[in-house]
Amino acid sequence: MAVTLEVSVGKTPVVTALNNTKVQLSCIFTTCMGFEDLVFTWYYNSTEMIYRGKIKNKASEPKIVYSDPRVQLIGTTTGKENNISISMFVDFSDAGKYTCHVRNPKEKGAEHNATITLRVVPEMVPVDNTLTLIILAVVGGVVGLLILILVIKKIVLLVLKRSQGKKKECLVSSSGVDNTENGLAGSRADRKAPPKA
């Protein structure tokens, strides 16, 4: 049998909250056949009902049937998602499992639920990013070293190319010396015919 009603509490089934702060417990349901007179309920530790709501259809907002005074519905079903998430201020006694249960009469009374675990802590533990920073420093150092080597190689090749160009200039200019003006032996000046008088 294919499941047409599905309930999800998100990718993280464990939520950690700071004592005396407001926390959001997510719940989204999907249905292939649509819904009418859908009933959703939030339970604390599988037994204590903390919120119950009813949704007439996709065009209407959820109506409260029962609510713990500290619990507030923050979801909506008239948008893209069928969001029936709740929020509440928590203390240490609120730690435990919260179950989002959905029943859809339009799908022959199909029911589905999902559970999220709430941990309440006195203070948030900072995440240790030392290993990440070490890895980033090593990778950055290697990339920097490679760039430095390539720049040095380019400079050395440029200097070698220029020095070879100057050597060629010297060879060309020294072999092309014309001694005709100097009057040296073997020069063109000796080959001139004597003037006729």
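The first residue of the sequence shown is numbered 1, and numbering continues consecutively from there.
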> Do Cys27 and Val7 have side chains that approach each other closer than 4.5 Å (heavy atoms only, starting at C-beta)?
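Cys27 reaches Val7 side chain to side chain.
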> According to a 4.5 Å side-chain heavy-atom criterion applied to Ile, Leu, Val, Met, Phe, Trp and Tyr, with indirect links allowed, do Val71 and Ile28 form part of one hydrophobic cluster?
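No, Val71 does not connect to Ile28 through the hydrophobic network.
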> Let me confirm one number: the OG-OH distance from Ser93 to Tyr44, rounded to the nearest 0.5 Å.
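Those atoms lie 6.5 Å apart.
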> Could you measure the distance from the CD atom of Glu81 to the OG1 atom of Thr30? Nearest 0.5 Å is fine.
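These two atoms lie 10.0 Å from each other.
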> Evaluate Ser26 against Val9 for side-chain contact (heavy atoms from CB on, under 4.5 Å), listing each step before the verdict.
CA-CA 5 Å; Ser26 298; Val9 291; 5.6 Å; no
> Which value, rounded to the nearest 0.5 Å, describes the distance between Ile74 atom CD1 and Met88 atom CE?
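The CE atom of Met88 is 11.5 Å from CD1 of Ile74, to the nearest 0.5 Å.
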> Do the non-hydrogen side-chain atoms of Arg119 and Val121 ever get within less than 4.5 Å of each other?
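When only atoms from C-beta onward are counted, Val121 and Arg119 do touch, with a gap below 4.5 Å.
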> With respect to Phe40, which candidate in Asn104, Leu73, Thr77 satisfies the side chain to side chain contact (heavy atoms under 4.5 Å, CB included) definition?
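In the set Asn104, Leu73, Thr77, the residue that makes a side chain to side chain contact (heavy atoms under 4.5 Å, CB included) with Phe40 is Leu73.
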> Are Phe29 and Asn83 close enough that some pair of their side-chain heavy atoms sits under 4.5 Å apart?
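SC-SC contact between Phe29 and Asn83 ruled out.
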> Any side-chain heavy atom of Val14 within less than 4.5 Å of one from Ile116?
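With C-beta onward as the side chain, the pair stays apart.
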> Could you check Trp42 against Tyr98 for side-chain contact (heavy atoms from CB on, under 4.5 Å), going step by step and ending with a plain yes or no?
CA-CA 7 Å; Trp42 277 92; Tyr98 289 82; 4.0 Å; yes
> Just grab all the salt bridge (Lys or Arg N to Asp or Glu O under 4.0 Å) pairs involving residues 85-98, residues at least two apart or on different chains.
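Every salt bridge (Lys or Arg N to Asp or Glu O under 4.0 Å) pair that includes a residue of residues 85-98, provided the two are not neighbours, is Arg70-Asp94.
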> For Ser67 and Ile64, work out which heavy atoms get closest and say how close.
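The answer is CB-CG2, 4.0 Å.
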> If hydrophobic clusters are built by linking Ile, Leu, Val, Met, Phe, Trp and Tyr wherever their side-chain heavy atoms come under 4.5 Å apart, do Val156 and Leu148 end up in the same one?
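Result: yes, single cluster for both.
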> Going by distance alone, is a donor N or O of one side chain under 3.5 Å from an acceptor N or O of the other, for Ser8 and Glu6?
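Side chains of Ser8 and Glu6: no pair found under 3.5 Å.
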> So if you build clusters from Ile, Leu, Val, Met, Phe, Trp, Tyr with side-chain heavy-atom gaps below 4.5 Å, do Leu131 and Val139 land together?
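Result: yes, single cluster for both.
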> Consider only side-chain heavy atoms of I, L, V, M, F, W and Y, link residues closer than 4.5 Å, and tell whether Leu150 and Val142 are in one cluster.
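No, separate clusters.
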> Tell me, do Asn20 and Phe89 make a side-chain contact under 4.5 Å, heavy atoms counted?
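Heavy-atom side-chain distance check fails, nothing below 4.5 Å.
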> Are any side-chain N or O atoms of Asn45 and backbone N or O atoms of Glu48, one a donor and one an acceptor, separated by less than 3.5 Å?
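Checked: no pair found.
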> Does the side chain of Leu38 reach to within under 4.5 Å of the side chain of Lys54, using non-hydrogen atoms?
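Leu38 vs Lys54: side chains apart.
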> Let me confirm one number: the OG1-CG distance from Thr76 to Asn82, rounded to the nearest 0.5 Å.
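Atom-to-atom, Thr76:OG1 and Asn82:CG are 9.0 Å apart.
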> Under the side chain to side chain contact (heavy atoms under 4.5 Å, CB included) rule, collect the residues that match up with Val120, sequence neighbours excluded.
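With neighbours one apart ignored, the set is Asn19, Val90, Phe92, Ala95, Leu118.
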> Verify the neighbour count for atom NZ of Lys58: are there more than 12 heavy atoms of other residues, nucleotides or ligands below 6.0 Å?
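Yes.
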> Partners of Thr99 by side chain to side chain contact (heavy atoms under 4.5 Å, CB included), sequence neighbours excluded?
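For Thr99 the side chain to side chain contact (heavy atoms under 4.5 Å, CB included) partners, ignoring immediate neighbours, are Tyr43, Ser46, Asn113, Thr115.
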> I'd like to know whether Lys22 forms a side-chain contact (heavy atoms from CB on, under 4.5 Å) with Gln72, so could you lay out the CA-CA distance, the side-chain angles of the two residues, the decisive distance to 0.1 Å, and finally the verdict.
CA-CA 11 Å; Lys22 195 171 192 175; Gln72 178 185 5; 3.5 Å; yes
> Does any non-hydrogen side-chain atom of Val39 lie less than 4.5 Å from one of Arg52?
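Counting from C-beta outward, Arg52 and Val39 do come under 4.5 Å.
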> Checking Thr41 against Val65 for the side-chain contact (heavy atoms from CB on, under 4.5 Å) test, could you report, in this order, the C-alpha distance in whole Å, the side-chain angles of both residues, the deciding distance, and whether it holds?
CA-CA 9 Å; Thr41 310; Val65 175; over 6 Å; no
> Report yes if the side chains of Phe35 and Ile55 come closer than 4.5 Å at any heavy-atom pair, otherwise no.
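Answer yes - side chains close enough.
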> Considering non-hydrogen atoms only, spot the tightest contact between Thr78 and Ala59 and give its length.
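For Thr78 and Ala59, the tightest heavy-atom pair comes out as CG2-O, 3.6 Å.
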> Rounded to the nearest 0.5 Å, what's the gap from NE2 on His112 to CZ on Arg103? Could you check?
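Going from NE2 on His112 over to CZ on Arg103, the span is 15.5 Å.
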> Could you give the distance from OG1 (Thr117) to CG (Leu25), rounded to the nearest 0.5 Å?
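The OG1 atom of Thr117 sits 10.5 Å away from the CG atom of Leu25.
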